[in-house]
Number of protein chains: 2
Amino acid sequence: MRSYFQSFNILSEKELQLLNDLTTYRTLKKGAFLIREGDISKEVVFIRSGILRSFFTKPNGEEITYCLTFGNNLMTALSSLLEGKPTHENIQALTTLELEVVKKEDLFALSEQYFGWMKIFKVLVAQQYLELEQRMLDLQRLDAKSRYEKLIQDRKELVQHIPLKHLASFLNVTPRHLSRLRAEIS
Amino acid sequence: MRSYFQSFNILSEKELQLLNDLTTYRTLKKGAFLIREGDISKEVVFIRSGILRSFFTKPNGEEITYCLTFGNNLMTALSSLLEGKPTHENIQALTTLELEVVKKEDLFALSEQYFGWMKIFKVLVAQQYLELEQRMLDLQRLDAKSRYEKLIQDRKELVQHIPLKHLASFLNVTPRHLSRLRAEIS
DNA sequence: AAGGAACGAGGACATTTGTCTACAAATTAA
DNA sequence: TTAATTTGTAGACAAATGTCCTCGTTCCTT
């Protein structure tokens with residue numbers, strides 16, 4: 001996680017140091033949950049290895065995959081973290097995971113005291129916004145087939161490692177339909 | 001705009017003062033564009049009065065309303081502002097507008113120099129993220145009818161002031177279908 | 001005030017996508 | 001290794017939504 005933050009070239013060496021004392025190590029077994037809807041997000045994790053999936057549920061109980069995150073990335077239920085309200089997200093381990101964990105209160109304290117930390121959070125939130133805007137765009141501009149084709153191009157790793165049912169809801173279609181699209185494409 | 005920023009209770013009086021010299025006044029006629037796709041976003045506007053609409057275009061040229069903003073709010077092509085790349089958004093005046101304008105470079109300079117300004121941008125970007133996440137959620141969880149009903153509840157002002165064709169693409173349906181939904185509801 | 005454009009409703013039909021179901025292959029667990 | 005679960009494919013049909021078009025109405029413009 002240290003080198004992840006370092007790579008932004010925002011934090012001073014001193015600011016970066018502060019992170020060391022605040023980080024703990026944790027593993028998560030396949031299928032286990034990092035957070036469930038209704039909980040309040042209190043921590044941010046950095047994935048050393050493994051895959052996390054976050055999903056919402058529809059009124060009828062159906063799961064919608066919102067986010068798929070691989071190693072060397074941060075993950076949290078961001079909206080709940082920012083607002084301090086119960087989250088709609090469930091974050092579940094798709095594989096066994098190795099994580100580094102930092103508490104929200106420690107991060108918020110850092111960002112209130114150090115300019116670099118405030119700035120890096122601005123940047124991280126901005127990244128999330130940009131990613132989401134792009135997805136919203138795709139969802140509204142492209143039909144299901146194009147969205148799938150784009151996914152194949154831009155995020156091969158998803159198509160290779162994630163079961164179809166999760167990809168389907170990520171693309172906002174049913175598994176049945178995604179299977180149909182696969183058949184069409186080949 | 002001053003009191004808008006003040007209401008966050010983040011900026012010191014001194015920090016707030018700095019804004020005065022950077023603000024200019026501008027009007028925009030109904031139908032005119034604040035920015036067009038392909039342009040690079042270089043300013044943020046505060047709407048004193050009037051309504052702005054931002055929209056993307058589909059490959060076939062069809063317009064998709066992305067954002068509808070009323071008086072007493074900020075507006076900009078955010079992703080382009082953050083990335084410095086050409087935008088996909090067109091921002092157009094739905095009515096005649098009175099605006100206060102600040103240049104991106106001035107805002108960025110402020111945020112690099114003053115903690116409060118950095119923090120307030122973090123907060124503003126976070127707000128945009130939260131709003132967008134909520135919309136993404138609605139788009140994936142609810143069917144068209146529910147999305148429209150929710151719009152009626154949460155954003156009455158849109159339904160009252162915005163033509164159906166724009167509401168339709170905002171909700172990701174065709175005008176024909178939205179008309180159908182209206183008939184169903186009443 | 002008159003003409004033209006934009007707007008919203010709605011009919012008829014097409015297309016996309018979802019639902020339900022079954023089945024075989026692949027994966028996992030015992 | 002065998003049984004059990006999960007996964008992906010696919011047929012048949014249904015529902016949601018889009019396309020194309022027409023018709024009054026309202027709203028601008030001149």
Side-chain angles (χ1 to χ4, degrees), chain A residues 29-32 50-51 53 55-65 68 92-97 138-152 156-186, chain B residues 29-32 50-51 53 55-65 68 92-96 138-152 156 158-186:
Chain A
K29 283 192 195 142
K30 180 171 176 173
I51 305 175
R53 160 182 177 252
F55 63 93
F56 304 115
T57 54
K58 285 205 202 182
N60 65 14
E62 194 183 314
E63 297 180 357
I64 303 159
T65 298
L68 292 160
Q92 189 178 22
L94 286 191
T95 66
T96 298
L97 285 137
D138 291 344
L139 193 55
Q140 298 207 155
R141 287 208 295 200
L142 309 177
D143 61 18
K145 190 173 175 181
S146 311
R147 291 203 299 279
Y148 180 56
E149 286 169 336
K150 187 163 184 200
L151 194 74
I152 292 174
K156 261 208 175 76
E157 75 281 10
L158 292 197
V159 183
Q160 285 163 347
H161 296 298
I162 310 290
L164 173 140
K165 64 175 174 181
H166 295 152
L167 290 183
S169 65
F170 187 70
L171 292 169
N172 204 29
V173 296
T174 56
R176 173 68 188 91
H177 193 56
L178 184 50
S179 173
R180 196 150 34 197
L181 295 173
R182 281 191 171 168
E184 275 181 48
I185 284 170
S186 56
Chain B
K29 282 191 195 144
K30 180 171 175 171
I51 305 177
R53 159 182 176 255
F55 63 93
F56 303 114
T57 54
K58 285 204 202 183
N60 65 15
E62 193 183 315
E63 297 180 357
I64 302 159
T65 297
L68 292 160
Q92 190 178 22
L94 286 190
T95 66
T96 297
D138 290 346
L139 193 55
Q140 299 208 150
R141 287 207 293 201
L142 308 176
D143 60 19
K145 190 171 176 183
S146 310
R147 292 201 298 279
Y148 181 56
E149 286 170 336
K150 188 165 184 198
L151 193 75
I152 293 173
K156 260 209 177 77
L158 292 197
V159 182
Q160 284 163 347
H161 296 297
I162 310 291
L164 173 140
K165 63 174 175 182
H166 295 153
L167 290 184
S169 64
F170 187 71
L171 292 169
N172 203 28
V173 296
T174 55
R176 174 67 187 91
H177 193 56
L178 184 52
S179 172
R180 194 150 34 197
L181 295 173
R182 280 191 172 168
E184 274 181 48
I185 283 171
S186 56

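Hydrogens, waters and symmetry mates play no part in the numbers below; they use all other heavy atoms, side chains included. In what follows, every chain begins at residue 1, and chains take the letters A, B, ... in the order their sequences are listed.
Between the P atom of D:dG18 and the CG atom of B:N172 lies a distance of 7 Å, rounded to the nearest Å. Rounded to whole angstrom, the span from the CG atom of B:L94 across to the C1' atom of D:dC27 amounts to 16 Å. In this structure, B:I185 atom CD1 and C:dG10 atom P are separated by 13 Å, rounded to whole Å. Here C:dA9 presents its C1' atom at 7 Å from CZ of B:R176, a figure rounded to the nearest Å. Residue A:I64 contributes atom CD1, which lies 14 Å from atom C1' of C:dG18 at whole-angstrom precision. In this structure, CG of A:L139 is placed 15 Å from C1' of C:dT16, rounded to the nearest angstrom. To the nearest angstrom, C1' of C:dT19 lies 12 Å from NZ of A:K58. Atom CD in B:E184 sits about 11 Å away from atom P in C:dG10, given to the nearest Å.
Comparing D:dT19, C:dG10, C:dG8 by their nearest atom to the side chain of B:A183 picks out C:dG10. For B:H177, counting side-chain heavy atoms from C-beta on, the closest listed nucleotide (C:dC7, D:dG18, D:dC28) is D:dG18. Closest contact between the side chain of A:A144 and the listed nucleotides D:dC28, C:dT17, D:dT7 involves C:dT17. Considering only side-chain atoms of A:L164, the nucleotide from D:dT17, C:dG8, D:dT9 that sits closest is D:dT9.
Using modelled atom types, one side-chain atom of B:T174 and one backbone atom of B:H177 make a donor-acceptor pair closer than 3.5 Å. In this structure a side-chain-to-backbone donor-acceptor pair under 3.5 Å is missing from A:T65 to A:F55.
Closest approach of A:G50 to A:T95, counting heavy atoms only: CA-OG1, 3.1 Å.
When each of B:K58, B:H166, B:R53, B:Q92 is tested with B:E63 by the rule side chain to side chain donor-acceptor pair (under 3.5 Å), just one qualifies, namely B:R53.
The phosphate of C:dC7 (OP1 or OP2) has a side-chain N or O of B:K165 nearer than 4.0 angstrom.
The closest side-chain heavy-atom distance from A:I51 to A:I162 is below 4.5 Å.
Among the heavy atoms of the strands lying under 4.0 Å from B:R180 is at least one base atom, whether or not backbone atoms are also near.
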